[in-house]
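For clarity, every value in this text was computed on a predicted model and none was experimentally measured.
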Amino acid sequence: MIRFGTIGTGWITGAFIDGSLLREHLRLTAVCSRDREKGAAFAGNYGSPQVFTDPAEMAASDSIDAVYIASPNRLHGEQAKLFLEHGKHVICEKPIAITPDELCALQRLAKEKSLVYMEAIMMMHLPARQALKAAVGQIGRVTTAHLDFSQLSSKYPAYLAGQTPNIFNPAFCTGSLMDLGIYCVYPALDLFGLPEEVSAQAGFLSTGADGWGSAALRYPDKLVTLTWSKVGQSRAASQILGDEGSVAIGSVSCLTNITRYDKNGAPYPVWGDETKAALMGFEGESFYQFIKDPDGSRAAYEEASKLALHVSRVMAEIREKAGIRFTVEEGTR
């Protein structure tokens with residue numbers, strides 16, 4: 001049994017906890033919120049585990065073995081370092097770190113301390129991932145792909161009313177790319193590897209945050225385009241095109257509603273839908289296996305760590321090309 005604590009009381013934290021409760025190996029024993037009353041109310045939904053208002057206090061506590069971090073992006077790196085230094089395993093919401101250098105340093109720290117440090121990215125741990133790869137292998141020579149994640153933000157009305165929600169505040173290292181675009185970069189690199197050239201553009205809101213954007217990943221034999229937006233809602237599927245067929249993906253973040261088509265257009269269902277709790281339960285199960293069976297899960301853990309670093313590097317290149325700047329990167333270029 002792995003006892004874990006959480007940082008953050010948003011819906012994503014609740015979804016991770018719900019997914020963890022579907023597994024027998026993970027038990028919530030602590031929550032951390034800057035607001036004790038809010039933290040207590042959140043904890044009350046899950047059997048009232050211990051409530052902390054200071055991450056350092058929770059990191060030093062013997063009530064947890066691991067932590068799930070879902071705080072604002074800018075805090076991910078420093079909080080992960082805090083818990084790793086206190087001997088706790090870490091699973092951190094995307095982006096796991098803001099810069100590749102930060103991620104490299106934290107991966108080294110985790111390795112030195114024989115701890116698990118992983119990004120909470122659903123697609124890496126879903127059985128649908130291998131089904132997608134098999135389907136792509138059946139459509140012949142792939143020359144083009146378009147991966148999209150465009151979802152109208154629930155915080156957009158607040159922005160239109162003159163407010164600056166965290167997700168549209170660059171001071172928190174947020175924006176459309178970091179929140180949604182990363183879900184396009186992951187499958188692109190997982191399926192096709194590192195590109196030889198990256199180009200990118202972004203559209204900016206009055207707060208300075210990027211609200212939408214696109215990137216083109218050029219390979220020797222194919223071109224993969226990525227699009228993302230938090231100010232518009234897509235209704236179309238992502239597609240991978242081969243000379244013997246195509247694959248449509250309803251959700252690139254969840255790898256749900258996947259269909260392969262042969263070259264005559266005949267559909268072959270590959271994967272259906274899943275509940276959010278079930279989807280997040282898979283990453284929780286991987287987290288547990290990485291901790292409890294390091295030898296048996298070493299290949300999967302190293303693959304996830306390597307891909308996380310590759311994604312971080314491509315994300316940094318997209319930000320550079322698109323003109324997306326965060327203060328934490330000043331002086332690192």
**Q** Enumerate the residue pairs fulfilling side-chain hydrogen bond (donor to acceptor under 3.5 Å, both in side chains) with a member in residues 161-185, sequence neighbours excluded, ordered by first and then second residue.
**A** Lys94-Asp179, Asp179-Lys230
**Q** Checking Leu147 against Phe149 for the side-chain contact (heavy atoms from CB on, under 4.5 Å) test, could you report, in this order, the C-alpha distance in whole Å, the side-chain angles of both residues, the deciding distance, and whether it holds?
**A** CA-CA 7 Å; Leu147 305 178; Phe149 193 175; over 6 Å; no
**Q** Indicate yes or no: at least one non-hydrogen side-chain atom of Leu106 is less than 4.5 angstrom from one of Lys81.
**A** yes
**Q** Do you reckon Met124 sits in the same ILVMFWY cluster as Val116, going by side-chain contacts under 4.5 Å, direct or chained?
**A** yes
**Q** In terms of hydrophobic clustering (I, L, V, M, F, W, Y; side-chain heavy atoms under 4.5 Å; direct or indirect links), are Leu226 and Phe192 co-clustered?
**A** yes
**Q** Any link between Tyr156 and Phe204 through a network of hydrophobic side chains (Ile, Leu, Val, Met, Phe, Trp, Tyr) touching at under 4.5 Å?
**A** no
**Q** Name all residues meeting the salt bridge (charged side-chain N to carboxylate O under 4.0 Å, His left out) criterion together with Glu302; count only those two or more places apart in sequence or in a different chain, and write none if there are none.
**A** none
**Q** If you take all heavy atoms of Pro95 and Met178, which pair is closest and at what distance?
**A** CG-CE, 3.6 Å
**Q** In the hydrophobic cluster built from side-chain contacts under 4.5 Å, what are the other members alongside Leu75?
**A** none
**Q** So which atom in Leu115 and which in Gly87 form the shortest heavy-atom distance, rounded to 0.1 Å?
**A** CD2-O, 3.5 Å
**Q** Given side-chain contact (heavy atoms from CB on, under 4.5 Å), test Lys88 with Ile64 step by step and report yes or no.
**A** CA-CA 8 Å; Lys88 314 299 185 186; Ile64 64 169; 4.1 Å; yes
**Q** Report the residues that fulfil side-chain hydrogen bond (donor to acceptor under 3.5 Å, both in side chains) with Ser305, sequence neighbours left out, ordered by chain and then residue number.
**A** none
**Q** State, to 0.1 Å, how close Leu217 and Ala188 come at their nearest heavy-atom pair, and which atoms those are.
**A** CD1-CB, 3.8 Å
**Q** Would you check if Asn257 and Ser251 make a side-chain contact, meaning some heavy-atom pair closer than 4.5 Å?
**A** no
**Q** Going by atom types only, do Ser150 and Asp148 share a side-chain donor-acceptor pair under 3.5 Å?
**A** yes
**Q** Is any side-chain heavy atom of Ile2 closer than 4.5 Å to a side-chain heavy atom of His25?
**A** no
**Q** Strictly under 6.0 Å, is that where the ring centroids of Tyr68 and Phe4 end up?
**A** no
**Q** Please tell me if the side chains of Met58 and Phe83 come closer than 4.5 Å, counting only heavy atoms from C-beta onward.
**A** yes
**Q** Could you walk me through whether Ser71 and Glu78 pass side-chain contact (heavy atoms from CB on, under 4.5 Å), step by step?
**A** CA-CA 11 Å; Ser71 55; Glu78 66 182 68; over 6 Å; no
**Q** What pairs with Gln239 under side-chain hydrogen bond (donor to acceptor under 3.5 Å, both in side chains), at least two apart in sequence or on another chain?
**A** none
**Q** Just to verify, what does Ala237 make a side-chain contact (heavy atoms from CB on, under 4.5 Å) with, not counting sequence neighbours?
**A** Ala248
**Q** Answer yes or no: is there a side-chain heavy-atom contact under 4.5 Å between Phe326 and Arg319?
**A** yes
**Q** By the side-chain hydrogen bond (donor to acceptor under 3.5 Å, both in side chains) test, which pairs, at least two apart or in different chains, include something from residues 113-128?
**A** Glu119-Tyr186, His125-Ser286
**Q** Let me check something: do Ile258 and Leu279 share a hydrophobic cluster, defined by ILVMFWY side-chain heavy atoms less than 4.5 Å apart, either directly or through other members?
**A** yes
**Q** Would you confirm whether His76, through its side chain, and Glu93, through its main-chain N or O, come within 3.5 Å as a donor-acceptor pair?
**A** yes
**Q** Donor-acceptor pair, Thr13 side chain versus Gly8 backbone, under 3.5 Å?
**A** yes
**Q** In terms of side-chain geometry, is the basic nitrogen of Glu317 or Arg313 positioned less than 4.0 Å from the acidic oxygen of its partner?
**A** no
**Q** Taking the six-membered ring for Trp, are Tyr46 and Phe42 parallel (under 30°), tilted (30 to 60°) or perpendicular (over 60°)?
**A** tilted
**Q** For the side chain of Asp243 and the backbone of Arg141, is there at least one donor-acceptor N/O pair under 3.5 Å apart?
**A** yes
**Q** Shared ILVMFWY cluster between Val90 and Leu309, side chains joined below 4.5 angstrom?
**A** yes
**Q** Would you name the heavy atoms of Cys32 and Pro55 that are closest together and state the gap between them?
**A** SG-N, 3.7 Å
**Q** Tell me the salt bridge (Lys or Arg N to Asp or Glu O under 4.0 Å) pairs involving residues 28-56, sequence neighbours left out?
**A** none
**Q** Working to the nearest 0.5 angstrom, can you tell me the gap between Asp210 CG and Ser229 OG?
**A** 9.5 Å
**Q** For atom CD of Gln130, decide whether the heavy atoms of other residues, nucleotides or ligands shown that lie under 6.0 angstrom number more than 12.
**A** yes
**Q** Considering only heavy atoms from C-beta outward, does the side chain of Arg325 approach that of Glu320 to under 4.5 Å?
**A** yes
**Q** For Arg108, which residues count as a side-chain hydrogen bond (donor to acceptor under 3.5 Å, both in side chains) partner, sequence neighbours excluded?
**A** none
**Q** If I compare all heavy atoms of Pro195 with all of Val198, which pair ends up nearest, and what's the gap?
**A** CG-CG2, 3.7 Å
**Q** Roughly how far, to the nearest 0.5 Å, is the CD atom of Glu283 from the CG atom of Leu126?
**A** 8.0 Å
**Q** Could you walk me through whether Leu132 and Ile249 pass side-chain contact (heavy atoms from CB on, under 4.5 Å), step by step?
**A** CA-CA 9 Å; Leu132 172 61; Ile249 310 167; 3.9 Å; yes
**Q** Can a donor-acceptor pair be found, under 3.5 Å and without considering hydrogens, that links the side chain of Asn73 to the backbone of Cys173?
**A** yes
**Q** Strictly distance-based, threshold 3.5 Å: is any side-chain N or O of Ser20 a donor or acceptor partner for the main-chain N or O of Phe16?
**A** yes
**Q** Can you name the side-chain hydrogen bond (donor to acceptor under 3.5 Å, both in side chains) partners of Tyr288, sequence neighbours left out?
**A** none
**Q** Considering residues at least two apart in sequence or located in another chain, which fulfil the salt bridge (charged side-chain N to carboxylate O under 4.0 Å, His left out) criterion with Glu102?
**A** none
**Q** Looking only at atom types and distance, does a side-chain atom of Asn264 sit under 3.5 Å from a main-chain N or O of Ala266, one as donor and one as acceptor?
**A** no
**Q** Can you confirm whether Glu244 is buried at CD, in the sense that more than 12 heavy atoms of other residues, nucleotides or ligands lie under 6.0 Å from that atom?
**A** yes
**Q** I want to check something: taking the side chain as every heavy atom from C-beta on, are Leu191 and Ile240 in contact at a cut-off of under 4.5 Å?
**A** yes
**Q** Tell me if a side-chain donor or acceptor on Thr29 pairs with a main-chain N or O of Arg3 at a distance below 3.5 Å.
**A** no
**Q** Counting heavy atoms not belonging to Lys222, are there more than 12 under 6.0 Å from its NZ?
**A** yes
**Q** What pairs with Glu112 under salt bridge (charged side-chain N to carboxylate O under 4.0 Å, His left out), at least two apart in sequence or on another chain?
**A** none
**Q** Step through the shown structure and confirm whether more than 12 heavy atoms of other residues, nucleotides or ligands are within 6.0 Å of NZ on Lys133.
**A** yes
**Q** Do Met123 and Val252 come within less than 4.5 Å of each other through their side chains, counting heavy atoms only?
**A** no
